[in-house]
Amino acid sequence: MSNEPKKTLPSNPESGLRKGLTSYGDKGFSLFLRKAFIKGAGYTNSALDRPVIGIINTGSAYNPCHGNMPALIEAVKRGVMLSGGLAMEFPTISIHESFAAPTSMYLRNLMSMDTEEMLRAQPMDAVVMIGGCDKTVPAQMMGAASAGLPAIQLITGSMLTGSHRNERVGACTDCRRYWGKFRAGEIDEQQKDEVNDQLVASVGTCSVMGTASTMACIAEALGMTVPGGASPPAVTADRVRIAEETGTLAVQMARDGLTIDKILTADAFENAMRVLLAIGGSTNGIVHLAAIAGRMGLEIDLDALDKMGDETPVLLDLKPSGDHYMENFHDAGGMATLLRELKPLLKLNALTVTGRTLGEEINAAPPSFPQDVVRKFDDPIYPRGSIVVLRGNLAPGGAIIKQSAADEKLMEHEGRAVVFENAEDLVTRIDSLDLDVTADDILVLKNIGPKGAPGMPEAGYIPIPLKLAQAGVKDIVRISDGRMSGTAFGTIVLHVTPESAIGGPLAHVRNGDRIRLSVKNREISLLISDEELAKRMKDNPITEPTADRGYKKLFLDTVTQADKGVDFDFLRAAKMVGKTPQK
Ligand code: FES
């Protein structure tokens, strides 16, 4: 055709549709065949000669957090095509928190493998990854980190808040709060059903600082999104504009060869950790960051992260640590407002998907204005970082507690262990009025770690025993090797490593043992002698869980502990090259 627009294909013969040819023993034939098939969909040679931008579609009827996928894909395609690229949409696995059994975390690594291998197998010069619900964004970044091509993250965006009897509500902090009221007999069946209609007022991800919002902010802090890409709610014009800009940038990244290894550096991870602490982010953020960093050959230094907490206050006033919702964060200027406050602590030279540094993007952001969602650095909602790393004979490999969501009075506490052997034991006995438990005790839940459950479910938020809840007890110290939803609140020690299912000390805690939690001293200790602990370990050897076949076998044979991100060992970088943050 004589009036075809100027072709924009890079001269590299290994680019665009020519990349990763299917093996037929004849490259010319492979390309000929590929083009013949795609022409069956009506493409012209001009279209096929352009930079190819893959767009990952994670829309699914099972995933309402991604319910705006069609609008986002259309906008990404617009951005790609206006910039001279060829948009190629394709599906991968999609995971929703409430529709994945036994737990979404069990499937995160499978989604990361799907993502990685589809990025390798199919020809594309850059990829736009659209994710939002908790595990999807980490899975996509893990996969892209391993695949190594230019990649940009597009977040689906948060849901709107609803209104129940004139009270503003949103998932999922308010889901737990209202369920707690129902359990305690404070609301009846009718009110429970009414609020159920209002907690999720639109498509999009949870509206508080849960894991999805945490990973959205982390993705922007890592430099993996368009500036401002973390906060626009799912159903807004701002979100759609971000999608178009994402498509535009993807073409630029393809042309410039801006591969993901130039973005996901040790400095970028340090910025992400800083942001995680300052937003009062979900504890799951640490596990996911460890997994993504592990793909780049970087270990997360938990002790250094803990030290960062001493100098990083919580600035974001969002539930569950504060009062607001994600849409308020967006109205307050989103990440630009937060990053401006954190600027003196950030690695400003870290490169972002725009090709500019984080420091340049902060300087280019619109000016600040009065708002009450992101506090000033010297007027925080919590003076220290939200997450603390604990160690001791109960967790030689570390454990964490979200101090900003914990009860100040319980953070220095010694108590008697009330032990539940596994999640089933917990369900069977926690509401028994015969349970021997007081508010001063410490609830211990075993076997909900990476191998134990399996998949490290968010069961670490152990409910207050019914008899204590009815007596008005709102918090009690709880310890497990599992995870907790970022939307939950309480004095809850999580991620105890090594987990009980592989014989960690947690496996050998007995009813009546004394346990000491000291957040001040970063300590979680079982108050028995070393000799007694060694004897218990010798007398009660643990048989690790196994499976005969399938994904469960792969999972149980290869999953790593929380400090390595619960990734599969063979998916981490072949060689570790350093730690982050760097000292
Ligand atoms: Fe999808 Fe909360 S359930 S983000």
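Both backbone and side-chain heavy atoms feed into the values below; hydrogens, waters and symmetry mates do not. Both ligands and their constituent atoms are indexed starting at 1 by order of listing. Not measured: the values here are computed from a predicted model. Residues: numbered from 1 along the sequence shown.
- Not one N/O/S atom of Cys206, from backbone or side chain, sits under 2.8 Å from atom 1 (Fe) of ligand 1.
- Contact check on Arg572 versus Glu299 returns a salt bridge, with a Lys/Arg side-chain nitrogen under 4.0 Å from an Asp/Glu carboxylate oxygen.
- Near Cys65, meaning under 4.0 Å from one of its heavy atoms, ligand 1 places the atoms 1 (Fe), 3 (S), 4 (S).
- The distance from atom 2 (Fe) of ligand 1 to the nearest N/O/S atom of Cys133 is not under 2.8 Å.
- Taking the centre and axis of the six-membered ring of Phe555, the NZ or CZ atom of Lys552 falls outside the cone set by 45° and 6.0 Å.
- Taking the six-membered ring for Trp and thresholds of 30 and 60 degrees, Trp179 and Phe182 have ring planes inclined between 30 and 60 degrees apart.
- Within ligand 1, counting atoms from 1 as listed, the ones closer than 4.0 Å to a heavy atom of Glu97 are 3 (S).
- Surrounding CD of Glu424 are at most 12 heavy atoms belonging to other residues, nucleotides or ligands under 6.0 Å away.
- Of all atoms in ligand 1, numbered sequentially from 1 with element shown, those under 4.0 Å from a heavy atom of Ala212 are 4 (S).
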Checking side chain to side chain donor-acceptor pair (under 3.5 Å) for the pair Thr103/Glu458: CA distance, chi angles, key distance, verdict? CA-CA 8 Å; Thr103 171; Glu458 289 183 343; over 6 Å; no
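- Under a 4.0 Å criterion applied to the non-hydrogen atoms of His96, ligand 1 contributes the atoms 1 (Fe), 3 (S).
- Taking the ring centre of Phe489 as origin, the terminal cationic atom of Arg176 falls outside the region bounded by 6.0 Å and 45° from the ring axis.
- Against a heavy-atom cut-off of under 4.0 Å, Asp134 is close to the following atoms of ligand 1: 2 (Fe), 4 (S).
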